**Student:** 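Just passing along the structure, written as structure tokens.
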Amino acid sequence: MRMITLSDIPARGGSPMTPAFGLFMVALATAPFWLPAVGLYQYLGIEVAIWLIFALGFNLLFGYIGLHSFGHGAYLGIGAYAFGLFQQEVTVSLWGGLLAAILAASFAAAIVGVFLSHRRGIYYALMTIGFGQIFWFSAIKLHGITGGEDGLLGIPRPDFVLGPIRFSLADNVSLYWFVAGILAIVTVVLWRLVNAPFGRVLQAIRQNETRARFVGYDVWLIKWLTFTLSAGFAGLAGGLFSMAQEGAYPDVMSLHQSGLIVMMVLVGGGLVSFWGPVLGVILYFVARDIIGGITETWLLWFGLMFMLMVMTRPEGLAGLIHVIRLRLGNVPAQVSAPGIAASRKEA
Amino acid sequence: MIELIPHILNGLTLGLLFALIALGFTLIVGVMEVINLAHGALFALGAYFAMTTIGGGWFGSSAFGVWWGDLPIATRYAIGVVVGPFLAAFAGMVLELCLRPTYGKPQLYGLLLTFGAALVIEELIRLAWGTGEQSLTVPRAINGAFFMGGLIFSTYKFFAAGFAILAIGLVWLFLERTPYGATIKAGAHDSEMVRALGYDLSKLRLLVFGFGAALAALAGVVMAPIWGLRPHIGVDVIIPAFLIIVMGGVGSFWGAVIAAILVGLSVGITGAYAPAWSMLSMYLLLIAILGFRARGLLGRKSALEN
């Protein structure tokens, strides 16, 4: 069977008014009401929302421009530390902390990106691992700043202040609303971005870097920019993460965690769909809680499930859904792209 | 200057062991163009198998009776050194069978599949041997320390270095002086031509994967008494292996050996001045080398760049 790629599922002119988008927003807005009802808990909603911000931003790099970073946990971690250090050393401020998280992660990535942006393929992946490890290692060894293995503890959750509005984010339900709000904004921004000409350029670079260069795009700059941008989203997620955890730890920067985000995005189908990372993150956390509730060795079963997925349907859940819809003939009218025509014939 | 000698020797030993780890890795990359992220997990698996064999866990308490535990430690050690890699090779072959659907697709899928496999093997190790740190017993003859010129050296590290040199030499002879080696190298260079000449490529790949896994496990058996054994040791091992093959040039035998010794030396020597930061030196070395030579020291252009 021919493999599906992102370009096989055409964009729709940038309008956020698609059924998937509506479904996503409804789920986001109603989660606190049905989460306890299905046996889950509020904190899980926060965790999923934070990882969604991370995963959606990561997919800009991974799925759209096709650069396989295996050290992205580092930028989540940098964001988390920056948020914590801002609260502890500068001043207790929500927006200041989040801005510091985004800037610190983007800045680190901007420097790393200079080394990375003329690499391709496996060499890119290896270099990102190398840099990720440097950050992780530094986080463990710089006791004076990061608290070493123990991490930064007792990071406060600052109040939400916007003009005259002020409320506390101390309990998990209000923190969920805040994180969900940020996630909604991030989703809209990313959706507009990938459906704008910029998104097409990213896909062009993924398909053929040399050709994109000859068409006249500054490939180096775009690769660098995408890396920095996706790290910025990771930093934002990291800031929110240290707020939710009330601490920042070197764990999230390890190769293991960086591999998990790749795994989540891929299982969900980030390579073929904007919504792939969403499916992947939800599947991961639900699997963790449901399989983890049954057996201690849940990671074994998740790993096996993941291996099976790569072997049989490497396009992930989103690819599977797409294939099923093609078979049912239930595909909305679209511009006839050559890729789609081919996959229709085979399907 | 004289104080530096133990650090340089330590670094050399470490480098030779790193080379042993990286060889199986670079072999698999060279022949199959698969970045085997499970290499570290296979390293751990082999060491755990050897540990259980040497400790007599399977035989001492089983139907085989107590005679196994009564064998001299040196005999049990010698058998463990063979059994560990043998069983790991078997695991590696199973992994190769799982990898088959990913051939011909982007390299990312092989990488991801082996990442999943690494998770699975690590969890299986936890399940079978527990999460705590364990140690591998070595015979008294190669244990302990000796003095030379007022400096103290570990006997075991000398044994490990000698063992690594021997193993590297044998692998080189195998690849360069036997028809099997020629086939493997040809398979790495042009797999279609090898297939066209009538060689069974799928059997070749199975064997190469088994061989690579056995090398990883062998490194694990030798390394375990120095590093200790933890279920997640694979991650600590895979990173140097990675850096080394990239520094040396992906798929290059001597590149890997040279890079491994460089890494070992840099870790050993920085260990004399800033022990806590010594492991960082290898990343800096990687960035420095790749900054000047994108394909590594002895690397040639490969399909992995796309």
Side-chain angles (χ1 to χ4, degrees), chain A residues 3 5 62 66 68 70 112 115-116 118-127 129-138 140-143 148 208-210 254-256 258-260 262-263 265-267 271 295-315, chain B residues 29 33-35 37 40 95 97-102 104-124 126-127 131 232 235-236 238-239 242-243 245-247 250 274 276-277 279-280 282-287 290-291 294-296 299 302-306:
Chain A
M3 275 181 58
T5 71
F62 186 83
H68 305 131
F70 272 76
V112 171
F115 291 88
L116 285 177
H118 47 273
R119 305 261 177 266
R120 297 200 300 178
I122 289 298
Y123 285 91
Y124 191 91
L126 291 170
M127 286 290 271
I129 289 178
F131 279 105
Q133 288 289 305
I134 290 178
F135 286 121
W136 168 74
F137 199 80
S138 309
I140 289 178
K141 296 293 173 185
L142 288 170
H143 285 278
N208 195 328
E209 202 177 307
T210 322
S254 68
L255 180 65
H256 218 95
S258 299
L260 280 180
V262 178
M263 214 158 139
V265 169
L266 196 102
V267 165
L271 291 178
T295 159
E296 287 272 300
T297 54
W298 77 275
L299 216 49
L300 172 68
W301 299 104
F302 189 77
L304 285 172
M305 200 168 78
F306 174 75
M307 282 175 73
L308 202 68
M309 192 97 198
V310 177
M311 283 159 70
T312 55
R313 275 247 73 87
E315 304 95 340
Chain B
V29 176
E33 304 197 332
V34 171
I35 298 276
L37 280 179
L95 182 56
L97 294 178
C98 294
L99 268 168
R100 291 196 170 168
T102 69
K105 290 182 189 163
Q107 271 99 23
L108 173 71
Y109 293 110
L111 196 119
L112 285 162
L113 190 88
T114 52
F115 179 77
L119 269 187
V120 169
I121 295 174
E122 197 183 309
E123 289 298 313
L124 285 175
R126 282 214 169 89
L127 208 63
T131 49
H232 59 270
V235 180
D236 305 339
I238 195 83
I239 295 296
F242 247 148
L243 303 185
I245 64 149
V246 176
M247 269 184 236
V250 174
W277 289 90
M279 294 305 258
L280 192 63
M282 61 175 138
Y283 303 115
L284 300 177
L285 193 66
L286 169 83
I287 291 165
L290 286 200
R295 286 189 195 117
S302 89
L304 286 163
E305 281 176 57
N306 298 310

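In this text the structure is predicted, and so the values were computed from the model without any measurement. Residue numbers start from 1 in every chain, and the chains themselves are labelled A, B, ... in the order their sequence lines are given, proteins ahead of strands.
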**Student:** Which answer fits B/Ile245, side chain, backbone, both or neither, if we ask what part of it has an atom under 4.5 Å from a heavy atom of chain A?
**Tutor:** neither
**Student:** Taking side chain as everything from C-beta outward and backbone as N, CA, C, O, which of these in A/Leu266 sits under 4.5 Å from a heavy atom of chain B? Side chain, backbone, both or neither.
**Tutor:** side chain
**Student:** At a heavy-atom distance under 4.5 Å, which candidate from A/Thr312, A/Leu142, A/Leu308 has the highest pair count against chain B?
**Tutor:** A/Leu142
**Student:** Under a 4.5 Å heavy-atom cut-off, does chain A meet the side chain of B/Val120, its backbone, both or neither?
**Tutor:** both
**Student:** So which of A/Tyr124, A/Trp301, A/Phe70 has the biggest tally of heavy-atom pairs under 4.5 Å with chain B?
**Tutor:** A/Phe70
**Student:** Can you measure from CE (A/Met307) to CE (A/Met309) and round to the nearest 0.5 angstrom?
**Tutor:** 14.0 Å
**Student:** Any idea how A/Phe115 and A/Phe131 line up, ring-wise: parallel (<30°), tilted (30 to 60°), or perpendicular (>60°)?
**Tutor:** tilted
**Student:** Can you tell me which portion of B/Leu112 sits under 4.5 Å from chain A's heavy atoms? Options are side chain, backbone, both or neither.
**Tutor:** both
**Student:** Sequence neighbours excluded, which residues qualify as ring-ring contact (aromatic ring centres under 6.0 Å, His included) partners of A/Phe135?
**Tutor:** A/Tyr75
**Student:** Check whether any side-chain heavy atom of B/Leu111 sits under 4.5 Å from a side-chain heavy atom of B/Leu37, and report yes or no.
**Tutor:** yes
**Student:** So what's closer than 4.5 Å to chain B heavy atoms on A/Leu304: side chain, backbone, both or neither?
**Tutor:** both
**Student:** Relative to chain B, which segment of A/Met305 carries a heavy atom at a distance below 4.5 Å: side chain, backbone, both, or neither?
**Tutor:** neither
**Student:** Give me the atom names and distance for the closest heavy-atom approach of A/His256 to B/Phe115.
**Tutor:** O-CZ, 3.9 Å
**Student:** For A/Phe302, give me all partners under ring-ring contact (aromatic ring centres under 6.0 Å, His included), at least two apart in sequence or on another chain.
**Tutor:** A/Tyr284, A/Trp298
**Student:** Side chain, backbone, both or neither: which part of B/Leu280 has a non-hydrogen atom closer than 4.5 Å to chain A?
**Tutor:** both
**Student:** Could you tell me whether the side chain of A/Gln133 reaches within less than 4.5 Å of the side chain of B/Leu243, counting heavy atoms only?
**Tutor:** no
